[in-house]
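Quick notes on the structure that follows.
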Amino acid sequence: MSYYVITRTYLEDPASKDAVLEMSKASAEIFKQQPGLIDMRSLYAENETHISTYLVWEDQKSHLNCMESKDFNKVTSKWTEFIQQGKIKFELETYSALA
């Protein structure tokens, strides 16, 4: 059964917008190469406050394997730095289909 993940990256520092959008694009390219990914959509809010990303995985194991993938090592450090500096806030929610 498919497994769904929704992330939200809130831009706490508007001056970091261009860098965050670039990191998001780089991360999307890595996600697209992960085993078990069915679909992915990243949306930039019209009010420019956040990016929402919707991922559909074959199953929870595919998502968990992705989270452990070393493919993200380079971009993860940048995301972590931005979080620690208060430039962004990150949320992740997971879902199972009801039907």
Side-chain angles (χ1 to χ4, degrees):
M1 180 176 285
S2 295
Y3 191 73
Y4 302 83
V5 177
I6 299 174
T7 67
R8 285 182 199 83
T9 304
Y10 294 94
L11 296 166
E12 301 292 306
D13 173 12
S16 65
K17 178 181 97 171
D18 291 339
V20 171
L21 291 174
E22 285 301 315
M23 290 188 306
S24 182
K25 288 178 189 175
S27 295
E29 292 304 314
I30 298 168
F31 273 113
K32 290 175 185 175
Q33 296 182 28
Q34 298 302 302
L37 182 69
I38 296 170
D39 192 20
M40 176 183 169
R41 303 277 185 231
S42 290
L43 307 169
Y44 184 52
E46 286 186 3
N47 65 5
E48 299 186 348
T49 60
H50 66 282
I51 299 167
S52 291
T53 301
Y54 300 83
L55 302 114
V56 182
W57 297 96
E58 289 177 3
D59 51 30
Q60 183 183 28
K61 184 172 176 13
S62 297
H63 164 66
L64 294 174
N65 288 342
C66 173
M67 299 301 290
E68 297 295 323
S69 173
K70 294 180 193 248
D71 296 345
F72 288 97
N73 285 352
K74 200 174 217 181
V75 293
T76 298
S77 62
K78 292 178 186 178
W79 285 110
T80 301
E81 179 183 324
F82 273 52
I83 291 169
Q84 291 173 344
Q85 293 174 351
K87 294 179 179 181
I88 60 172
K89 183 175 75 171
F90 182 79
E91 294 178 352
L92 181 142
E93 297 175 329
T94 57
Y95 300 86
S96 298
L98 290 175

Could you identify which residues cluster with Leu98, counting Ile, Leu, Val, Met, Phe, Trp and Tyr as linked when any side-chain heavy atoms lie under 4.5 Å apart, either directly or through a chain of such contacts? none
Contacts of Tyr4 meeting ring pair (Phe, Tyr, Trp, His ring centres under 6.0 Å) (sequence neighbours excluded), chain-then-number -> none
The side chain to side chain donor-acceptor pair (under 3.5 Å) partners of Thr53 (sequence neighbours excluded) come to Ser42
Per the ring-ring contact (aromatic ring centres under 6.0 Å, His included) rule, what does the pair list look like for residues 9-55, sequence neighbours excluded? Tyr10-His50, Phe31-Phe72
May I have all residue pairs that pass side chain to side chain donor-acceptor pair (under 3.5 Å) and include part of residues 16-25, sequence neighbours excluded? none
Taking 4.0 angstrom as the limit, do Glu93 and Arg8 come out as a salt bridge? yes
All pairs passing salt bridge (charged side-chain N to carboxylate O under 4.0 Å, His left out) where residues 51-66 contributes a residue, at least two apart: none
How close do Met23 and Lys78 get, counting heavy atoms only, and between which atoms? SD-CB, 3.4 Å
Go through the structure and list residues passing salt bridge (Lys or Arg N to Asp or Glu O under 4.0 Å) with Glu68, not counting sequence neighbours. none
Under the salt bridge (charged side-chain N to carboxylate O under 4.0 Å, His left out) definition, can you give me all pairs with a residue in residues 27-37, not counting sequence neighbours? Glu29-Lys32
Pairs touching residues 76-99 that satisfy ring-ring contact (aromatic ring centres under 6.0 Å, His included), sequence neighbours left out: none
Donor-acceptor contacts, no H, no angles, side chain residues 34-41, under 3.5 Å, sequence neighbours left out:
residue: Gln34; atom: OE1; partner: Ser69; partner atom: OG; Å: 3.4
residue: Gln34; atom: NE2; partner: Ile30; partner atom: O; Å: 3.2
residue: Gln34; atom: NE2; partner: Asp71; partner atom: OD2; Å: 2.9

Can you list the other members of the hydrophobic cluster that holds Met1, where links are side-chain heavy atoms under 4.5 angstrom apart? none
Does Thr49 have any side chain to side chain donor-acceptor pair (under 3.5 Å) partners at least two apart in sequence or in another chain, and if so, which? Asn47
